[in-house]
Amino acid sequence: MGVHFKELTGIALKETFIQNVDLKGKRLLNYMSTVCMSKNKKFLQAATRVKMLRDAELSGCSEDVKEMVLLLMAYFEEREEMMLSNVEDTCLAGEVQMDKLPLTPAIIVCGRSCFTSTRFMLSVDRTIAQENIPSFVSSVCMMFGSYYSFNIHYPSELPSTLEFLQRCFFSINPEKGMKVEKSCTSRLHLNPRVLTLIQDLSDHEWRDI
């Protein structure tokens, strides 16, 4: 996946993601846990649920990525089940109910929560493309890379979350055009919600200096 992604984009998939998480992840979580909490009651409820799922003693890149992805979907009010699907922690690839999965790339979480799971799978077109992925970071990279490796448009249920990850954490920044289903796009060349969040994050960082 990483080799094909780099051939297509010129970008090292996992290395670029981890590097950008180190640079920007804490800033994003800080913004989400301060400014966003006071602006939106629905987001506050979602963020509280995420905080309850995350053990207060856990720290590190992987845990930050889990929180970051969940909060981004809550912020953009997009459907979590289009990216994450939970199964029993002992579930094997052949036991996954494929008809319950989205057609687009999705992460199968083997366990009740991505914070407690130690095993993930990747599904593409309701087919297990990879099983026994040991980390959430790897599963996110493989899920995102699948959209490019298999030339799949972002689903209408996740356009902003995926484009934000694309621009801020995978460093793919075309000046115009969105990799989203044409049926759900407007005539805008760029996603205004993503650009607004990027600008708000930048303004928030300057105010904190």
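- Note on Asp89 versus Arg119: no salt bridge recorded, every NZ/NE/NH1/NH2 to OD/OE distance being 4.0 Å or above.
- A donor-acceptor pair is defined here as one N or O able to donate and one able to accept, closer than 3.5 Å; no such pair exists between the side chain of Ser62 and the backbone of Val137.
- Taking both residues in full, the closest heavy atoms of Val124 and Ala129 are given as CG2-CB, 4.0 Å, listed atom of the first, atom of the second, then distance.
- Distance check: Ser123 OG to Met98 CE gives 7.5 Å after rounding to the nearest 0.5 Å.
- For Thr127, the side chain to side chain donor-acceptor pair (under 3.5 Å) criterion is met by no residue, not counting sequence neighbours.
- More than 12 heavy atoms of other residues, nucleotides or ligands lie within 6.0 Å of CD in Glu81, so this atom counts as buried by the packing criterion.
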Intermediate values then yes/no, side chain to side chain contact (heavy atoms under 4.5 Å, CB included), Ile152 and Asp125: CA-CA 10 Å; Ile152 301 170; Asp125 197 20; over 6 Å; no
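- The two residues Cys91 and Met121 have their closest heavy-atom pair at O-CE, 3.4 Å.
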Candidate pair Arg193 and Glu78, rule salt bridge (Lys or Arg N to Asp or Glu O under 4.0 Å), full reasoning: CA-CA 12 Å; Arg193 300 192 70 194; Glu78 294 182 341; 5.2 Å; no
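- Transitive grouping of hydrophobic side chains (ILVMFWY, heavy atoms separated by less than 4.5 Å) brings Leu29 and Leu197 into a common cluster.
- A donor-acceptor pair under 3.5 Å is absent between the side-chain atoms of Thr161 and the main chain of Leu158, judged by distance alone.
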Stepwise side chain to side chain contact (heavy atoms under 4.5 Å, CB included) test for Arg27 and Leu201: CA-CA 8 Å; Arg27 301 177 200 172; Leu201 278 167; 5.5 Å; no
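- In this structure, the separation between CG on Asn86 and CD on Glu80 is 8.0 Å, given to the nearest 0.5 Å.
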Working for side chain to side chain contact (heavy atoms under 4.5 Å, CB included), residues Phe169 and Val140: CA-CA 11 Å; Phe169 292 97; Val140 169; over 6 Å; no
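- Residue pairs that meet the ring-ring contact (aromatic ring centres under 6.0 Å, His included) test with at least one member in residues 117-141, sequence neighbours left out, are Phe120-Phe136.
- The two residues His153 and Thr104 have their closest heavy-atom pair at O-CG2, 4.2 Å.
- Considering only heavy atoms from C-beta on, His4 comes within 4.5 Å of Leu8 through its side chain.
- Annotation: side chain to side chain donor-acceptor pair (under 3.5 Å) contacts involving residues 136-151, sequence neighbours excluded, comprise Lys14-Ser138, Ser135-Ser138, Tyr148-Tyr154, Tyr148-Gln166.
- The shortest heavy-atom contact between Phe43 and Met32 is CE2-O, 3.4 Å.
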Residues Phe150, Met1; criterion side chain to side chain contact (heavy atoms under 4.5 Å, CB included); working and verdict: CA-CA 10 Å; Phe150 300 116; Met1 183 72 73; 4.2 Å; yes
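- Asn20 meets the side chain to side chain donor-acceptor pair (under 3.5 Å) test with Ser171; sequence neighbours excluded.
- No path of Ile, Leu, Val, Met, Phe, Trp and Tyr side chains, each step under 4.5 Å between heavy atoms, connects Ile128 with Leu84, placing them in separate hydrophobic clusters.
- Residues meeting the side chain to side chain donor-acceptor pair (under 3.5 Å) test with Glu131, sequence neighbours left out: none.
- Residues Lys24 and Asp64 are not paired through a salt bridge, judged by the lack of any N-O separation under 4.0 Å between the basic side chain and the carboxylate.
- Linking Ile, Leu, Val, Met, Phe, Trp and Tyr whenever their side-chain heavy atoms come within less than 4.5 Å puts Ile18 and Ile172 in one cluster.
- Proximity of Val96 to Ser85: side-chain heavy atoms (C-beta onward) are nowhere separated by under 4.5 Å.
- Side-chain N or O atoms of Lys51 include none that pairs as donor or acceptor with a backbone N or O of Glu67 at under 3.5 Å.
- To the nearest 0.5 Å, the span separating CG on Asp203 from CD1 on Ile198 amounts to 12.0 Å.
- The structure places CD of Glu157 at 10.5 Å from CG of Leu162, a figure rounded to the nearest 0.5 Å.
- Residues Tyr75 and Leu28 fail the side-chain proximity criterion, which asks for heavy atoms closer than 4.5 Å.
- Here the closest heavy-atom approach between residue Ser117 and residue Cys110 is recorded as OG-O, 2.9 Å.
- Side-chain contact check for Lys66 versus Arg54: every heavy-atom pair is 4.5 Å or farther apart.
- The CE atom of Met73 sits 10.5 Å away from the CE atom of Met68 when rounded to the nearest 0.5 Å.
- A continuous path of hydrophobic side-chain contacts links Val35 to Met37 [ILVMFWY only; heavy atoms under 4.5 Å].
- The closest donor-acceptor contact from the side chain of Arg167 to the backbone of Pro174 lies under 3.5 Å.
- The cluster map of Ile, Leu, Val, Met, Phe, Trp and Tyr, joined by side-chain heavy atoms under 4.5 Å apart, puts Met143 and Leu101 in different clusters.
- Residue Phe170 forms a side chain to side chain contact (heavy atoms under 4.5 Å, CB included) with just one option from Thr9, Leu13, Ile11, and that option is Leu13.
- When all heavy atoms of Ser156 and Pro159 are compared, the pair lying nearest together is O-CD, 3.0 Å.
- The environment of Gln97 atom CD is sparse: at most 12 non-hydrogen atoms of other residues, nucleotides or ligands sit within 6.0 angstrom.
- The side-chain contact (heavy atoms from CB on, under 4.5 Å) test applied to Met142 returns Leu122, Gln130, Ile133, not counting sequence neighbours.
- With rounding to the nearest 0.5 Å, the separation of CG in Asn191 from CD in Glu163 is 4.5 Å.
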